[in-house]
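See below for the structure under consideration.
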There are 2 protein chains.
Amino acid sequence: MEKEITIYDIARELDLSPTTVSRALNDHPAVNHKTKQRISEAASQMGYRSNMFASNLRKQRTNTIGLIVPRLDSPFHSSVIAGMEKVANEEGYNLIISQSLETAHKEKANANTMFNSRVDGLLVSLSFETENLDHFESFIAKGIPVIFYDRVADHKDCTSIVIDNLQAAYKATSHLIEQGCTNIVHITGNLKRNVYTDRLKGYKYALVDHDLPFVETNVLISQMTEEAGIEAAQQILRMNPLPDGIFVSNDLCAVSCIKALKKAGISIPKDMAVIGFNNDAISRVIEPNLTTVNYPGQEMGEVALKVLLVQMNGTGERIPGNTIHLRSELIIRESSLKSKASNKKKAIIM
Amino acid sequence: MEKEITIYDIARELDLSPTTVSRALNDHPAVNHKTKQRISEAASQMGYRSNMFASNLRKQRTNTIGLIVPRLDSPFHSSVIAGMEKVANEEGYNLIISQSLETAHKEKANANTMFNSRVDGLLVSLSFETENLDHFESFIAKGIPVIFYDRVADHKDCTSIVIDNLQAAYKATSHLIEQGCTNIVHITGNLKRNVYTDRLKGYKYALVDHDLPFVETNVLISQMTEEAGIEAAQQILRMNPLPDGIFVSNDLCAVSCIKALKKAGISIPKDMAVIGFNNDAISRVIEPNLTTVNYPGQEMGEVALKVLLVQMNGTGERIPGNTIHLRSELIIRESSLKSKASNKKKAIIM
DNA sequence: CAAATATATGAAATCGGTTTCAATTTTTTA
DNA sequence: TAAAAAATTGAAACCGATTTCATATATTTG
């Protein structure tokens, strides 16, 4: 455990001041090119590594970005994180990740930890439970940019990054109607969250625009888990008359619902056409393959981080209240193709 | 953007020294109980938050743990990370996560970043490519504990955390043999990695112990991706005679292989019994449901982090060269049940 | 009650970069 | 060639908490 090399050691070695060494290592223009070269060589030869803490302490920035995510073990979120990590890594930032596990109090606790860790920026996808955004006010008061993605909320000082959930749901529902469905169930999550309210709206508007009635009892609210899909199937099986189409707000839940329905003797898509959401790997495994909405997770992660970096390093002028929309697309597979006349597979870019 | 409160501000306010304030906030025994109370109240009333950088600079620790993982968007790894994050969060440590994307050079680069970030400990699951462990020597030289999990390597100063891959593969292969398979293909990953060599050994020993020949060409090495499963299926279909059992080293690859085989008219498990590895969600979606090895991802993450914390905070006495084995279990589902006599579902704890 | 021991507090050095302000040297301009 | 401008470099303060060593007060013991 030999002693750590500091800029003072380098300075002594080369008979220079720590000031010059510091500047050289940061490629400051006021240092002679040759001097820089000498310092840089000495540094690597001596095994110098910068002490981020001294640097951060003085510079009052941490080079760290906080991320609060509902769950880490979800295909969608892990691809988002993969995208964020990629950009953060390229730009020399560290990501601190924590999970709210869908509870408001954990989200709050995590936000406080992030605040005390003095992250330079915060990325958040809200938990199911979250009612208000008070726990982010401390960031905003200190001028630390907060960005919401996927599960977002309206805040005048925060940018949101989403796909057009309303439109995606509208297209999905319309597709079911075009396939001949007239009695469509919608399984979705906690309506506190934009993603679910927007999809509900899209579902509703599609019905209305096609002169179909919107029936309150056809909307099933759940936790969107594997188990919730089974329960939903049971509820559906008790309906009279049975629906002929189902639009589910995520693939995992859609898949387990399909499995339960098939077990009960329902034929998919003949008896009921089904559409999911997210384009997770399982959507390509279930039989019949699941029609779903392709959700660009990795891209959303990259965009979120890039936007955050702009706000962090920007000249201060925020783009407040702004919402960035990413493109999504309906991927049509067998599970929704009631009218056999249609092609077996095609993708429609929305 | 009001000014940040420091211990000096609190000290001035209460007419005490910064020393006492610092001690009080760290619950040092040499501070009077009443004084502590006063300080603690003033601190929260004034909105004080500790500056981790000043503290870290002085204490020479970072309270940060580094994690290098092959990919973030994998069900297994995301559950491992979920477990790690949980423990880290409870114990007040930050996790810095980076992905090697299965390449040695990115793993190396990430290790350097971690080193320069002065993590107090490092958790690693090796990339496919990694040949040597030189990029971790700097940590070891500085006494920073390094722990390998899942994809591990032998190093006298590092602890490894694994399941007994050999035994798991042995049980899986034996199960296939018990089901009447005599010509079993094994699809696995890069043999640089212990998980794959150990599984290959388990497969081989099970064959030998049951007086079946080990045939070199029955072992297919691949990237274990979705595509690799399809290619493997094509190779299998060209074999003569066709095998009657397949043991695949992960579920994703097993599932896509099954899909391709089914499309080619092979009946699973009648023509070929299949076993996967990991117990990902898709293993319960494919038809027939996939027999697989349940891999305790979340638990492995928790254990890895706890062991790391022990080594970080320990009195210096490392448990070098030690390997910790976690329990895994074979989960038997339809995909391997050739002999219909067996129960449809049962789980055997290994 | 004096001496010894605990208890409680503080002064000042320290961790290692960054930055301000000034000084010195070199180059350019008139 | 003298004056002005540009290019380099450095001294010292600073960021905010921790820790060593010393000191003052309170308590206990013989």
Side-chain angles (χ1 to χ4, degrees), chain A residues 1-40 42-44 46-64 92 115-118 120 142, chain B residues 1-40 42-44 46-64 92 94 115-120 142:
Chain A
M1 243 184 272
E2 66 284 12
K3 205 188 142 288
E4 203 66 58
I5 303 293
T6 72
I7 53 169
Y8 295 89
D9 300 319
I10 299 176
R12 203 177 317 110
E13 184 76 14
L14 300 180
D15 201 25
L16 286 166
S17 74
T19 310
T20 303
V21 175
S22 170
R23 284 205 264 251
L25 293 172
N26 288 302
D27 205 24
H28 191 287
V31 177
N32 186 289
H33 184 67
K34 282 182 187 167
T35 315
K36 269 183 195 168
Q37 197 101 24
R38 283 174 61 215
I39 291 175
S40 152
S44 66
M46 295 169 75
Y48 169 80
R49 52 176 184 158
S50 165
N51 186 319
M52 285 178 49
F53 302 96
S55 171
N56 288 338
L57 172 59
R58 180 61 224 234
K59 287 198 297 195
Q60 304 282 47
R61 341 176 67 237
T62 64
N63 246 263
T64 296
F115 188 65
N116 290 326
S117 301
R118 310 205 183 195
D120 292 332
K142 276 238 157 19
Chain B
M1 241 181 274
E2 66 283 10
K3 206 189 141 288
E4 204 65 58
I5 302 293
T6 72
I7 53 168
Y8 296 90
D9 300 319
I10 298 175
R12 203 176 318 111
E13 185 76 14
L14 299 181
D15 201 24
L16 287 165
S17 74
T19 311
T20 304
V21 175
S22 170
R23 285 206 264 251
L25 293 172
N26 288 303
D27 205 22
H28 191 287
V31 176
N32 186 290
H33 184 67
K34 281 182 188 166
T35 315
K36 271 184 194 167
Q37 197 101 25
R38 282 174 62 216
I39 291 175
S40 151
S44 65
M46 294 168 77
Y48 168 80
R49 54 176 183 159
S50 163
N51 185 322
M52 285 179 48
F53 302 96
S55 171
N56 288 337
L57 172 60
R58 180 61 224 238
K59 287 198 297 195
Q60 304 281 48
R61 335 176 71 238
T62 64
N63 246 263
T64 296
N94 282 326
F115 187 65
N116 290 326
S117 300
R118 311 209 178 191
V119 295
D120 292 332
K142 278 240 156 23

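Every chain is numbered from 1 and lettered A, B, ... according to where its sequence line falls, protein lines coming before strand lines.
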For A:Asn63 and C:dT18, give me the distance from atom CG to atom P, rounded to whole Å.
-> 11 Å

Testing C:dT20, C:dG16, C:dG10 for proximity to the side chain of A:Ala54, the answer is C:dG16

Touch class at under 4.0 angstrom, heavy-atom based, for A:Asn56 against every strand present = nothing

No-H, no-angle donor-acceptor pair, B:Arg23 side chain to C:dG10 base, under 3.5 Å = yes

Separation of B:Asn116 atom CG from C:dG17 atom P, in whole Å?
-> 11 Å

Round to the nearest Å and state the distance from A:Asn32 atom CG to D:dA7 atom P.
-> 12 Å

So how far is it from B:Leu25 CG to B:Ser50 OG, rounded to the nearest 0.5 Å?
-> 8.0 Å

Nearest heavy-atom approach of A:Ser117 to B:Asn94 is OG-ND2, 3.8 Å

For A:Ile39 and A:Ala24 the tightest heavy-atom approach is CD1-CB, 3.4 Å

Length of the CG-C1' vector between A:Leu25 and C:dT19, whole Å | 15 Å

With sugar-phosphate meaning primed atoms plus P, OP1 and OP2, does A:Tyr8 contact a base, only sugar-phosphate, or nothing at under 4.0 Å between heavy atoms?
-> base

Rounded interatomic separation in angstrom, taking CZ from A:Phe53 and P from C:dG16 = 12 Å

Would you kindly check whether a donor in the side chain of B:Thr35 faces an acceptor in the base of C:dA8, or vice versa, at under 3.5 angstrom?
-> no

Checking all strands, does B:Thr6 fall into the base, sugar-phosphate, or nothing category for heavy-atom contacts under 4.0 angstrom?
-> sugar-phosphate

Between C:dC15 (C1') and B:Ile7 (CD1): distance, integer Å = 14 Å

D:dG16 phosphate, OP1 or OP2, under 4.0 Å from A:Gln60 side-chain N/O | yes

Quick one: B:Arg61 CZ to C:dT14 P, roughly how many Å, whole number?
-> 23 Å

Nearest-nucleotide comparison on DNA chain C, the residue closer to the 5′ end among B:Arg118 and B:Leu16 | B:Leu16

Rounding to a whole Å, what distance do you find between A:Asn26:CG and C:dG16:P?
-> 17 Å

Can you find a side chain N or O atom of B:Ser17 that sits less than 4.0 Å from OP1 or OP2 on C:dT9?
-> no

Report the nucleotide, chosen from C:dG17, D:dA12, D:dT9, that has the shortest atom-to-atom distance to any side-chain atom of A:Tyr48.
-> C:dG17

Considering only D:dT19, C:dT19, D:dT9, which nucleotide approaches the side chain of A:Thr20 most closely?
-> D:dT9

Would you indicate what A:Ser22 reaches in the nucleic acid, counting non-hydrogen atoms under 4.0 angstrom: base, sugar-phosphate, or nothing?
-> base

With a distance cut-off below 6.0 Å to the six-membered ring centre and an angular limit of 45° from the axis, does B:Arg118 pair with A:Phe53 as a cation-pi contact?
-> no

Pairwise side-chain contact, B:Thr35 with B:His33, heavy-atom cut-off 4.5 Å (strictly under) | no

Is there a donor-acceptor contact under 3.5 Å linking the side chains of A:Thr19 and A:Ser22?
-> no

Checking all strands, does A:Ser55 fall into the base, sugar-phosphate, or nothing category for heavy-atom contacts under 4.0 angstrom?
-> sugar-phosphate

